[in-house]
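What follows is a single structure, written as structure tokens, with notes after it.
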Amino acid sequence: MSTYESALLRLLDERGYIHQLTDAAGLDALAVKQIVPGYIGFDATAPSLHIGSLVQIMMLRRLQQTGHKPVVVMGGGTTRIGDPTGRDESRKMLTDETIEANIQSIFTVFDKLLKFGDGPTDAVMVNNHDWLGQLGYIELLQQVGTHFTVNRMLTFDSVKLRLEREQPMTFLEFNYMILQGYDFRHLSKELDVRLQMGGSDQWGNIINGIELGRRMDGSDLYGLTTPLLTTADGAKMGKTAAGAVWLNEESLPAYDFWQYWRNVDDRDVGKFLRLFTDLPLSEINRLEGLEGAEINAAKIVLANEVTKLVRGEDAATRAEATARVTFAGSGAGEDLPALATGPEGMRLAAILTEVGLTASNGEAKRKLAEGAVKLEGETVTDPAQLVLPEEGQTFRLSLGKKRHALICR
């Protein structure tokens with residue numbers, strides 16, 4: 001049973017967000033006494049974040065729900081370097097224009113989940129290139145570099161694992177932890193940010209920032225990490241056979257997003273309802289207790305609630321309606337992914353990959369050989385089969401029982 005006094009830590013604890021805290025008593029007392037600005041950093045390596053980042057975004061939402069101030073830090077500067085944490089190779093370099101376009105695209109999701117503005121608890125989004133880009137190299141070495149020892153930096157998992165695997169790590173990447181630590185110090189000075197949150201793999205980087213703020217300014221800063229989020233079968237959250245589950249509509253259609261949540265393991269329903277919805281805990285406990293076929297009703301609630309938050313109510317309604325029609329029998333809901341073959345038609349393996357049911361033609365051929373593919377309800381196995389709908393005709397293509405697409409002229 002939680003003994004926290006602050007609404008912030010009570011809520012985070014009850015819903016399963018807390019893994020590590022640097023000073024639980026100190027942060028708890030601060031959150032009772034005043035508005036706490038807290039931040040999480042997100043690099044802009046793609047036009048969308050995927051659902052592996054959703055738990056972090058929801059933590060910023062919880063911060064705001066309990067009367068505190070969320071600060072979203074977009075890594076316009078650190079994206080140019082690349083966080084080596086959990087990576088075996090260097091990140092691809094992006095142009096300034098691509099990074100800026102990615103930030104604008106990513107903001108659309110934050111805008112749905114947080115209230116932005118000028119008020120004391122309104123969210124703000126800042127770009128760390130605004131201060132890192134102005135930092136001279138000699139200045140960085142003198143002011144910041146003296147507080148980091150190479151001995152300690154070599155003990156961090158992000159560095160150690162890469163070296164143990166004999167994978168090259170550039171000097172550029174080696175600097176990432178210094179710049180992330182400087183972010184915290186800068187934000188504490190300029191925006192009075194007192195808390196950094198992140199995934200459990202960011203613990204070392206967060207500690208660096210706390211120590212840097214203490215040494216340079218005498219600041220009292222705090223860190224909080226979430227547990228490593230895995231599904232009940234041990235897979236990393238956000239990864240599927242078909243690829244990442246993206247938050248932005250342009251990167252993944254609403255129906256596929258909704259369907260991901262509808263198809264989660266029975267054992268994950270309660271955990272995901274706590275983390276990713278605003279439903280009351282009493283209702284979540286009731287849904288979590290459903291058994292047998294009834295648990296599917298809880299999964300539909302989960303899919304609707306998450307899709308509503310991330311994509312909007314209309315997207316959730318359309319996705320559920322599409323699923324209902326699709327799984328009712330011969331129907332084909334309008335929100336399914338669709339592909340027009342053109343007057344020449346297309347080969348079956350190419351269609352499976354083009355419409356996104358498989359990641360490659362090789363996977364398409366394997367699924368066809370396994371008998372996992374149906375065209376208009378009939379099993380098909382020949383990857384070279386020509387699919388040629390008549391003008392105005394639509395075929396339903398299915399991979400397994402849960403993934404469908406529409407094929408038309």
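Quick caveat: nothing in here was measured; it's all calculated off a predicted structure. Nothing fancy with the numbering, it's 1 onward along the sequence.
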Set out, in order, the CA-CA distance, both residues' side-chain angles and the distance that settles side chain to side chain contact (heavy atoms under 4.5 Å, CB included) for Leu49 and Val109, then state yes or no.
CA-CA 9 Å; Leu49 301 172; Val109 169; over 6 Å; no
I need the minimum non-hydrogen distance between Gln34 and Asp192, along with the two atoms involved.
NE2-OD2, 4.4 Å
Can you find a pair of side-chain heavy atoms, one from Ser105 and one from Asn248, that are under 4.5 Å apart?
yes
Does either side chain, that of Gln180 or that of Gln202, offer a donor lying less than 3.5 Å from an acceptor on the other one?
yes
Would you mind telling me which of Asn285, Leu279, Leu281, Asp268 makes a side chain to side chain contact (heavy atoms under 4.5 Å, CB included) with Leu273?
Leu279
Do NZ/NE/NH1/NH2 and the carboxylate oxygens of Asp266 and Lys299 come within less than 4.0 Å?
yes
Side chains of Gln65 and Arg62: donor-acceptor distance under 3.5 Å anywhere?
yes
Just so I know, are the side chains of Lys115 and Asp122 near enough to count as touching, which here means a heavy-atom distance under 4.5 Å?
yes
Residues Leu397, Val387; criterion side chain to side chain contact (heavy atoms under 4.5 Å, CB included); working and verdict
CA-CA 10 Å; Leu397 184 65; Val387 179; over 6 Å; no
Would you mind reporting whether Ile51 and Val306 have side-chain heavy atoms less than 4.5 Å apart?
no
His186: which residues meet the ring pair (Phe, Tyr, Trp, His ring centres under 6.0 Å) condition with it, sequence neighbours left out?
Trp131
Taking side chain as C-beta onward, heavy atoms only, is Leu252 less than 4.5 Å from Val245?
yes
Exercise: do Thr45 and Thr79 side chains pair donor with acceptor under 3.5 Å:
no
Interatomic distance, Met216 atom CE to Ser188 atom OG [nearest 0.5 angstrom]
9.5 Å
Which atom pair, heavy atoms only, marks the closest approach of Val71 to Val126?
CG1-CG2, 4.2 Å
Nearest heavy-atom pair of Gln64 and Leu114: which atoms, and what distance?
OE1-CA, 3.6 Å
Arg185 meets the salt bridge (charged side-chain N to carboxylate O under 4.0 Å, His left out) criterion, sequence neighbours left out, with Asp217
Out of curiosity, His129 NE2 to Ile99 CD1, how far, rounded to the nearest 0.5 Å?
8.0 Å
Are the side chains of Phe42 and Ile57 in contact, using a 4.5 Å heavy-atom criterion?
yes
Any ion pair linking Lys308 and Glu305 (charged N to carboxylate O, less than 4.0 Å)?
yes
Between Tyr222 and Leu21, does the side chain to side chain contact (heavy atoms under 4.5 Å, CB included) criterion hold? Intermediate values first, please.
CA-CA 8 Å; Tyr222 303 90; Leu21 266 168; over 6 Å; no
With rounding to the nearest 0.5 angstrom, report the CG to CZ distance, Leu386 to Arg347.
5.0 Å
Show your working on side chain to side chain contact (heavy atoms under 4.5 Å, CB included) between Lys365 and Leu352 and close with a plain yes or no.
CA-CA 9 Å; Lys365 290 175 182 177; Leu352 284 163; over 6 Å; no
Hey, are the side chains of Ile284 and Arg15 touching, using non-hydrogen atoms and a 4.5 Å cut-off?
yes
Hey, mind stepping through Thr231 and Asp233 against side-chain hydrogen bond (donor to acceptor under 3.5 Å, both in side chains) and telling me if it holds?
CA-CA 5 Å; Thr231 55; Asp233 60 6; 2.4 Å; yes
Over all heavy atoms of both residues, which pair between Phe276 and Met58 is shortest? Give the atoms and the distance, please.
C-CE, 3.9 Å
Rounding to 0.5 Å, atoms CG (Leu224) and CG (Leu63) come to a distance of 10.0 Å
For Glu370, is the CD atom crowded, meaning more than 12 foreign heavy atoms sit under 6.0 Å from it?
yes
Classify the angle between the aromatic ring planes of Trp261 and Phe257 as parallel (below 30°), tilted (30 to 60°) or perpendicular (above 60°).
perpendicular
Counting only N and O atoms by type, is there a donor-acceptor contact under 3.5 Å from the side chain of Asp13 to the main-chain atoms of Leu9?
no
In Å, rounded to the nearest 0.5 Å, how long is the span from CG of Leu221 to CG of Leu212?
9.5 Å
Heavy-atom nearest pair, Ala349 first then Ala364, reads O-CB, 3.6 Å
Ser200 side chain vs Pro227 backbone, donor-acceptor pair below 3.5 Å
no
By side-chain hydrogen bond (donor to acceptor under 3.5 Å, both in side chains), Thr225 pairs with (sequence neighbours left out) Gln20
Any heavy-atom pair between the side chains of Thr78 and Tyr182 that's under 4.5 Å?
no
Can you check whether Ala44's main-chain N or O pairs, donor with acceptor, with Asn102's side chain at less than 3.5 Å?
yes
Please determine if Arg61 and Asp278 form a salt bridge, counting it only when a charged side-chain N lies under 4.0 Å from a carboxylate O.
yes
Starting at CZ of Arg311, measure out to OG1 of Thr108 and round the result to the nearest 0.5 Å.
9.5 Å
Closest non-hydrogen atom pair, Trp203 against Gly223:
CZ3-O, 4.3 Å
Less than 4.5 Å apart, side chain to side chain, heavy atoms only: is that true for Thr322 and Trp258?
no
